[in-house]
Every structure is written in C-alpha cells, then in structure tokens.
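Structure first, commentary second.
In what follows, chains carry the letters A, B, and so on, assigned in the order in which the sequence lines appear, proteins first and then strands, with residues in each chain numbered from 1.
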Protein chains: 2
Amino acid sequence: MPQLTLMLNPPLREAASVIADAVAKHRLLIVLGRCSVRYTGRGASRLGPGDRLVIVKPDGAVLVHRPRGYSPVNWQPESSSITAEETGEGLLLRSVRGRPREVLEVLFTRLDLVLAVEGLEDTAEFIEYLDESEIRDYLAEHPEEIEEGLHVIRKERPIGEGYADIVARDRAGNYVVIEVKRVTAGKDAVLQLHRYVEALRRENPEAKVRGILVAPSIAKDARTLLNSLGLEYKQIDVQRLYRKIAAAQARTVTQTRSILDFFKKKQEEKPRG
Amino acid sequence: MPQLTLMLNPPLREAASVIADAVAKHRLLIVLGRCSVRYTGRGASRLGPGDRLVIVKPDGAVLVHRPRGYSPVNWQPESSSITAEETGEGLLLRSVRGRPREVLEVLFTRLDLVLAVEGLEDTAEFIEYLDESEIRDYLAEHPEEIEEGLHVIRKERPIGEGYADIVARDRAGNYVVIEVKRVTAGKDAVLQLHRYVEALRRENPEAKVRGILVAPSIAKDARTLLNSLGLEYKQIDVQRLYRKIAAAQARTVTQTRSILDFFKKKQEEKPRG
DNA sequence: ATTTCAATGTCGCCT
DNA sequence: AGGCGACGTTGAAAT
C-alpha cells in the first residue's frame, strides 16, 4: 500500500523541504499551485503565472500540466536531476537534463497541495494489439490477401536506407515491394514505397520491380502521386484482417500476448456482441 | 483560490459519487489507486492491475500515468465524455471519444486518494522561442547566410502538395529551393526538398532549379541520399543564428513575444553570462 | 473537414 | 550512441 505525505495550502518554506526530500528519495510527487515556468534547451519557452498541476515521477520525469489539454505544457523526461529550494521569489523546482542539456524551472508562488507518495507498485505488462507489425506479419503469412500467387521472400528487408515491410515475387516472377499502413496512407507512405522500389531496382537492374501500397484508405493527393510514380494500391479492411488474425492464432499453439486475448475479453464483456 | 475536495483511502462506493460529480462539473480530478486499464479504438491495449495516477481535466482529457516515464500509458484527448460508477468488480471510470470512436476504461480496485479541484485559473500566454519559423524568417531576410547573391522570391511557397520554406534565385538566375531544419536533417528532410525541387522543375521546365538543405547537421545516410539526388547542404549554427535574430530584433520596433525577451531574461539571470 | 508539416515530439528497435 | 520508422502520435495552420 502506498504511503502518502500530504500538505494542504502549505507555506512555501515548509513545502520546500518536503518536496526536496521527496524527489531525493524518488517518490512520486504531486504539486498543485500557482506557478510560472521557464524552459531552455532544444527549444525555449516561458509561461507566466497560473494554476497548474506538476508531477515529478520516481524516475525523474517532470510534467507541468495546465487545466486543459492532453499534453503537458512543459516537461522533462526521466532521469533529469531535480532540486527544490525556496528563493526570494518563491519555491523553485529545477530539473536539469544532461544530454541534450535542458533546464526546466517551475517557480511556485502559492501552493494548494503537495503530495508525496512512497511505495507504488506497478509491474503489470502493457499489452498492445492492432499495431502495424501484426498486420504486416499476417500479410507476410497470407500474401494472397494482397494478390493471388504472391510468394514472400522476406519481411522487413533492409533496402537502401530503410526497411521494406515485405518483399515478394508475383506469379510472373517480378519483384513486389509491399508497404503496409494501418491508417490512411499519405504521400509520405507513397514516397517511402517509391524509395524502396527504386532501391530494389538499383540492386536488380535486370528485374521488373512492382510496388504495392497496402492500406485501409489513401489520401486523394497521395493516390495521384502513387499513380504518377507507377505504383499500385491495394485496399484492406483492417477490422476484417484483425478477425482473421485472431482466427489464425486460435488455430495455432496458445501464445501469450496474443491478439486472441483481446477478442476473448471482448467476448466476455459483451456476450451478445 | 482553487477549492479542493479530498478523500484519503475512500471506499469505492463513496468515491464513485464524488468522482462522478467532479467530472460532471468539469473539475480537475486526480485519482491515485490500484487499477486495470483497457483501451479500444484506433488501436487497443490492456494493462493489468497496478498503482497509477489518473488525471481527468476540466475539458475531459484523461491521463493514466504509471510510476515511470514521461508519457501516459493510456489517455483520452479533451472533450471525451466521462462516466464513473461502482460495479461489482470495482470503480469504473469510462471515457468515450466520438470521432474516431475510442473507449478508455479504468477499473479501480483500491483508492488511495481522490482529489477534485474547482476554480483553477490559468490564462497566461505560453510563449515559445527558437522554433523553425524563426530561423526560416530570419534566413529569408538574410539569405546571404546561406549563399552570397541569393535573392528571395518568397517564403512558404505552395509547391505541388506542400510548401517550400524559401524559394530564391541565385546570382546566375537559377531557382533555388531552400528547406530549413532546426535539428539534424534525416532523409525525410532530403526527400521533402527533393519533392519541392522536382515540382518547381515541372512548373518551370526551362529553368535550372537547385535545392539546398539548411540544417545544423545531417545524418550520414541522408547525406548520401542528398548527394545522389544532386541536392546541396548548407550547415548553419543555430545558436549563432539565434543571437543574430535577437540582435536584429533589437534594432527594430519593439515587438511582443520577441525572441529578445528570451535573451533579455537570460541576461537578467546571469549578468556575467 | 481535410491536408500538410513541425515537434523540446517520444518510443522502441537495430546497428 | 546514432539512425530509422511507428505512433491510438499531438498540435497548429492553411485550404
């Protein structure tokens, strides 16, 4: 059970030592109060006084959140070194990152709440489904989803400066470079594919090399660009593929972290779904 | 002054109504406790039980933070609709986003702290310096930093599908497309420049079009690609440019949000720096 | 609403 | 440590 050290509306001086102690002992620290923020590093920013929530994690990550929005207005990644001290202007929380050198300073002029938490336990594994690699791996196993007669040579093939998702040969023996996207493909995806096709052509000047962009949809301009580059587009239904992936895994040995877990739990949740 | 509603180690049932009330009234909500997390939407994820910090902002943004790391393990952007209720399994906090449809569920089995905050005030303007546009604008005014004799035609010129940072003519009358980066340029930057050069060539088949990538450094492979595409690279010293930008602004009319403010404050801070 | 691009992007993987 | 690409990228600006 986590142990809490809590202060409500503490004087700055009193809070300073508690905060300094908390960060020194790598506790989770939560501070709510009125502050100004300064950041200098890769970029630079200033933020005048306002009520904000500041979080310092046991690993040294710092987050400054305004009352609105998903993203912190300022932050510092893990392993920043942190100090806290009372100055003439207020309570200064200072976080310094080494490489690249970046400094984040939060100057509190009023504290509403200071909370230090010790003994947090969180060892659970974070499990993600439905990412691009799952689609890519399935399509590599089942290239007929893209085109009949495709024979996969390899996945994640290093080509030139990057990696082609899948390289295959078609029925006629031509090389086929396949780029997979799980979201709408833009021209960046088209150019990525183009680059791999060109690189493979340079490697095999005698061979014909096709390029197929596989995605649930494609932006209009990206489609135009794709056509002009002589590339092809194959639409896929991501949801349908996920179901197939789950079904395929159901037929194989039980795996941990299987996409099956995802559908199983969905099932339990909504027996009528 | 913000008003706090605080509960320590509250029973789930009791907390449920407080939490539901807080989110309904768009208060900042901070919850610390043991929970599991499920997300389904563009992707999908599962996270087993562990101690976490959950934040619900007045605008409906939701953040689930583990004890380590900068980024939330799960989240929901602003304007998600949120409900909280006690179920047989625990206290379920549910956030639903409309388009795209995404559902985030946090199931608490133990609560260490529940805090609702009303009346947060934060109207200060967030001021950023040293972003790309500042470099671009300065270079457009001082193209000699890139090459002697350059004459800028325009900035942010729409070309093909995007915008070239700067388009100029060199001493020989050739078109010069300039792409500016404030960080190490990768091949994406090279390809971006290449695309603009090609587009301008199509627009002006008779003209010679050069392409210059301006960046503090360039990745090795990106350099190779750049060379093979017949493009050029001009190194810049970003810190030196910033100083020049500040100096240039010092000579012009006072502006709000000037980079000068940034250096001024630095000066005050370190009179001997 | 869609497209495009920057970002203190962050994060993970690989060399 | 550097390069590379995915990300539930997010966010802003322009069309």
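Between A:Q192 and B:N74, the residue whose closest nucleotide on DNA chain D is further toward the 5' end is A:Q192. DNA chain D is contacted by both B:E102 and B:A219; B:A219 maps to the nucleotide lying nearer its 5′ end (nearest heavy atom per residue). Of the two residues contacting DNA chain C, namely A:G41 and A:A222, the nearest-nucleotide position lying further toward the 5' end is that of A:A222.
If you check every strand for non-hydrogen atoms under 4.0 Å, A:E78 touches nothing. B:P77 comes within 4.0 angstrom of a nucleotide base, judged by non-hydrogen atoms across all strands. A:R97 comes within contact range of no nucleotide atom at all, as no heavy-atom separation falls under 4.0 Å. Using a 4.0 Å heavy-atom cutoff across all strands shown, A:R99 reaches sugar-phosphate atoms only and no base atom. Among the atoms of the strands shown, none is found under 4.0 Å from any heavy atom of A:Q76.
Of all nucleotides listed (D:dG3, C:dA6, D:dA6), D:dG3 comes nearest to the side chain of B:D221. Out of C:dT8, C:dA6, D:dT10, the shortest distance to the side chain of A:S45 is found at C:dT8.
Taking atom CG of B:L63 as the reference point, atom P of D:dT9 lies 17 Å away to the nearest angstrom. Taking atom CG of residue B:D165 and atom P of nucleotide C:dA7, one finds them 10 Å apart after rounding to whole Å. What separates CZ of B:R182 from P of C:dA6 is a distance of 11 Å, to the nearest Å. Atom CG of A:D188 is separated from atom P of D:dT9 by 12 Å (rounded to the nearest Å). In this entry the distance linking CD of A:E125 with C1' of C:dG12 reads 15 Å, nearest Å. Here C:dT4 presents its C1' atom at 15 Å from NZ of A:K220, a figure rounded to the nearest Å. Atom pair A:E132:CD and D:dC4:P shows a separation of 18 Å (rounding to whole Å applied). Rounded to whole angstrom, the span from the CG atom of B:L191 across to the P atom of C:dC5 amounts to 12 Å.
Of the P atoms belonging to C:dT4 and C:dT8, the separation is 22 Å, rounded to the nearest Å. Between C:dC11 and D:dG11, the two P atoms lie 15 Å apart (nearest whole Å). Taking atom C1' in both C:dA7 and D:dC7, the straight-line distance is 14 Å, to the nearest Å. Spacing between D:dC4 and D:dG8 at atom P, rounded to whole Å, works out to 22 Å.
Between B:R68 and C:dC11 there is no side-chain N or O to OP1 or OP2 distance below 4.0 Å. Residue B:K181 places no side-chain N or O under 4.0 Å from the OP1 or OP2 atom of C:dC5. An OP1 or OP2 oxygen of D:dC7 is reached within less than 4.0 angstrom by no side-chain nitrogen or oxygen of B:Y39. Under 4.0 angstrom from either OP1 or OP2 of C:dC11 there lies at least one side-chain N or O belonging to B:S71. In terms of phosphate contacts, B:R42 brings a side-chain nitrogen or oxygen within less than 4.0 Å of OP1 or OP2 of D:dT10. Using a 4.0 Å cut-off, some side-chain N or O of A:W75 falls inside it from OP1 or OP2 of C:dT10.
Taking the 5.5 Å centre cut-off and the 30° plane limit, the aromatic side chain of B:Y70 is not classed as stacked on C:dT10.
Residues B:E134 and B:Y129 have side chains that never bring a donor and an acceptor to within less than 3.5 angstrom of each other.
Taking the six-membered ring where tryptophan is involved, the planes of B:H65 and A:H65 are perpendicular, since the angle between them exceeds 60° and thus also 30°.
Of the possible polar contacts, none joining the A:E232 side chain to the A:R210 backbone as a donor-acceptor pair under 3.5 Å is found. A donor-acceptor pair under 3.5 Å links the side-chain atoms of B:Y39 to the main chain of B:G43, judged by distance alone.
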Apply salt bridge (charged side-chain N to carboxylate O under 4.0 Å, His left out) to the pair B:E141 and B:K244, showing each step before the final yes or no. CA-CA 12 Å; B:E141 296 293 318; B:K244 288 217 168 198; over 6 Å; no
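Contact of A:D131 with D:dG8 (side chain to base): no donor-acceptor pair of N or O atoms is detected under 3.5 Å.
Remark: A:D122 engages B:R52 in a salt bridge, criterion side-chain N to carboxylate O under 4.0 Å. With respect to A:R136 and A:E179, no salt bridge is recorded, no charged nitrogen being found less than 4.0 Å from a carboxylate O.
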